[in-house]
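Before anything else, here's the structure in question.
The model shown is predicted, which means the values in this text are computed figures rather than measured ones. Values below: all heavy atoms of this structure, side chains included; hydrogens, waters and symmetry mates excluded.
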Amino acid sequence: QVQLVESGGGLVQPGGSLRLSCAASGSIFSINAMGWYRQAPGKQRELVAAITSGGSTNYADSVKGRFTISRDNAKNTVYLQMNSLKPEDTAVYYCNVMESSWGTYWGKGTLVTVSS
């Protein structure tokens with residue numbers, strides 16, 4: 001089993017920044033990819049950003065140029081730096097990990113609220 005612990009969510013004004021962290025622990029053989037998803041009220045969960053073990057990244061069009069995903073392979077940790085935040089970024093953000101042996105795991109989520 002793999003456990004994910006997210007942190008960094010909170011309340012921020014439009015134009016502000018937040019940095020999310022997600023640390024994976026447990027029975028980890030190797031991690032193929034890590035990423036962040038979000039779910040806003042009344043909407044489906046959507047991919048925000050992802051990063052592979054080799055460092056390749058993908059971003060949702062809505063966050064390109066504002067968000068940056070990074071990882072620390074030694075610590076099995078993924079980060080999401082969120083800049084120029086907009087009210088429409090308000091959502092619960094979920095960490096996702098694709099582990100090579102056990103499959104896909106989800107964090108419990110951390111709430112990001114962008115409001116003046």
Side-chain angles (χ1 to χ4, degrees):
Q1 292 291 320
V2 177
Q3 296 80 42
L4 306 179
V5 179
E6 301 140 318
S7 63
L11 174 65
V12 65
Q13 293 186 340
S17 299
L18 285 174
R19 190 191 192 211
L20 305 183
S21 299
C22 174
S25 63
S27 183
I28 300 174
F29 293 93
S30 63
I31 295 175
N32 294 331
M34 306 181 77
W36 291 94
Y37 290 70
R38 68 186 181 188
Q39 188 167 24
K43 294 185 177 181
Q44 296 294 111
R45 187 175 299 186
E46 64 175 350
L47 174 68
V48 178
I51 185 167
T52 68
S53 60
S56 298
T57 59
N58 288 299
Y59 295 93
D61 289 341
S62 60
V63 306
K64 287 181 179 177
R66 299 189 297 120
F67 292 9
T68 302
I69 190 169
S70 61
R71 76 200 191 287
D72 185 334
N73 289 336
K75 297 181 178 180
N76 289 323
T77 300
V78 64
Y79 307 92
L80 185 67
Q81 179 66 46
M82 304 185 295
N83 298 325
S84 301
L85 283 162
K86 304 175 181 179
E88 50 263 46
D89 294 318
T90 296
V92 176
Y93 285 70
Y94 297 91
C95 180
N96 174 268
V97 171
M98 296 181 65
E99 202 276 332
S100 63
S101 181
W102 297 105
T104 300
Y105 289 84
W106 295 92
K108 295 180 180 179
T110 183
L111 177 63
V112 172
T113 302
V114 185
S115 176
S116 60

Tell me, do N96 and W36 make a side-chain contact under 4.5 Å, heavy atoms counted? no
Among all residues two or more places apart in sequence or in another chain, which pass the side-chain contact (heavy atoms from CB on, under 4.5 Å) test with K64? Y59, D61
Y37 with L85, same ILVMFWY side-chain cluster at under 4.5 Å: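 No.
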When Ile, Leu, Val, Met, Phe, Trp and Tyr are grouped by side-chain heavy atoms lying under 4.5 Å apart, directly or through other members, which residues fall in the same group as M98?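 Reading the cluster by chain and number, M98 sits alone, since nothing else belongs.
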Give me each pair satisfying disulfide bond (SG atoms under 2.5 Å apart) with a member in residues 39-79, each pair once, sequence neighbours excluded.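 Of all non-adjacent pairs touching residues 39-79, none passes disulfide bond (SG atoms under 2.5 Å apart).
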Flag, side chain of E99 to backbone of N32, donor-acceptor distance under 3.5 Å: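 Not at all, since once roles are kept as given, no pair shorter than 3.5 Å links the two residues.
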Tell me every residue that passes side chain to side chain donor-acceptor pair (under 3.5 Å) with R19, counting only those two or more places apart in sequence or in another chain. none
Which atom pairs, one a donor and one an acceptor, fall under 3.5 Å between side chains of residues 49-57 and the rest of the protein, sequence neighbours left out?
| residue | atom | partner | partner atom | Å |
| --- | --- | --- | --- | --- |
| T52 | OG1 | G54 | N | 3.3 |
| T52 | OG1 | G55 | N | 3.4 |
| T52 | OG1 | S56 | N | 3.1 |

Among all residues two or more places apart in sequence or in another chain, which pass the side chain to side chain donor-acceptor pair (under 3.5 Å) test with D89?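 D89 satisfies side chain to side chain donor-acceptor pair (under 3.5 Å) with R38, R66 only.
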Heavy atoms only: give me the nearest A24-L4 pair and the separation to one decimal.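 Where A24 meets L4 most closely, the heavy atoms are CB-CD2, 3.5 Å.
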Holding to side chain to side chain donor-acceptor pair (under 3.5 Å), I want the full list of residues that pass it with Q81, two or more places apart in sequence or in another chain.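 With sequence neighbours excluded, Q81 shows a side chain to side chain donor-acceptor pair (under 3.5 Å) to N83, given in chain and number order.
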For a quick test of reading the model, state the closest non-hydrogen atom pair linking V97 to M34 and the distance between them.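 Heavy atoms of V97 and M34 come nearest at CG2-CE, 3.5 Å.
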With hydrophobic residues grouped by side-chain heavy-atom distances under 4.5 Å, do L18 and V48 end up in a single group?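 Yes; tracing contacts between hydrophobic side chains, which count when under 4.5 Å, links both residues.
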Derivation of the side-chain contact (heavy atoms from CB on, under 4.5 Å) call for E6 and L20: CA-CA 7 Å; E6 301 140 318; L20 305 183; over 6 Å; no
Under the rule for side chain to side chain donor-acceptor pair (under 3.5 Å), what residues qualify as partners of Q39, not counting sequence neighbours?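 None.
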Does F67 have any ring pair (Phe, Tyr, Trp, His ring centres under 6.0 Å) partners at least two apart in sequence or in another chain, and if so, which? none
Determine whether Y93 and L80 make a side-chain contact, defined as any pair of heavy atoms from C-beta on separated by less than 4.5 Å.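 Yes, at least one pair of side-chain atoms sits under 4.5 Å.
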Applying disulfide bond (SG atoms under 2.5 Å apart), which residue pairs with at least one partner in residues 65-116 are found, sequence neighbours left out? C22-C95
Filter on salt bridge (Lys or Arg N to Asp or Glu O under 4.0 Å), then keep only pairs touching residues 69-78, sequence neighbours left out; what's left? none
About how many Å separate CZ of F29 and OG of S100, when rounded to the nearest 0.5 Å? 7.5 Å
Determine whether more than 12 heavy atoms belonging to other residues, nucleotides or ligands lie under 6.0 Å from atom CD of E88.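 Counting neighbours around CD of E88, more than 12 heavy atoms of other residues, nucleotides or ligands fall under 6.0 Å, so yes.
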Side-chain donor-acceptor distances from residues 102-116 under 3.5 Å, at least two apart:
| residue | atom | partner | partner atom | Å |
| --- | --- | --- | --- | --- |
| W102 | NE1 | S27 | O | 3.1 |
| W102 | NE1 | S27 | OG | 3.2 |
| T110 | OG1 | G9 | N | 3.3 |

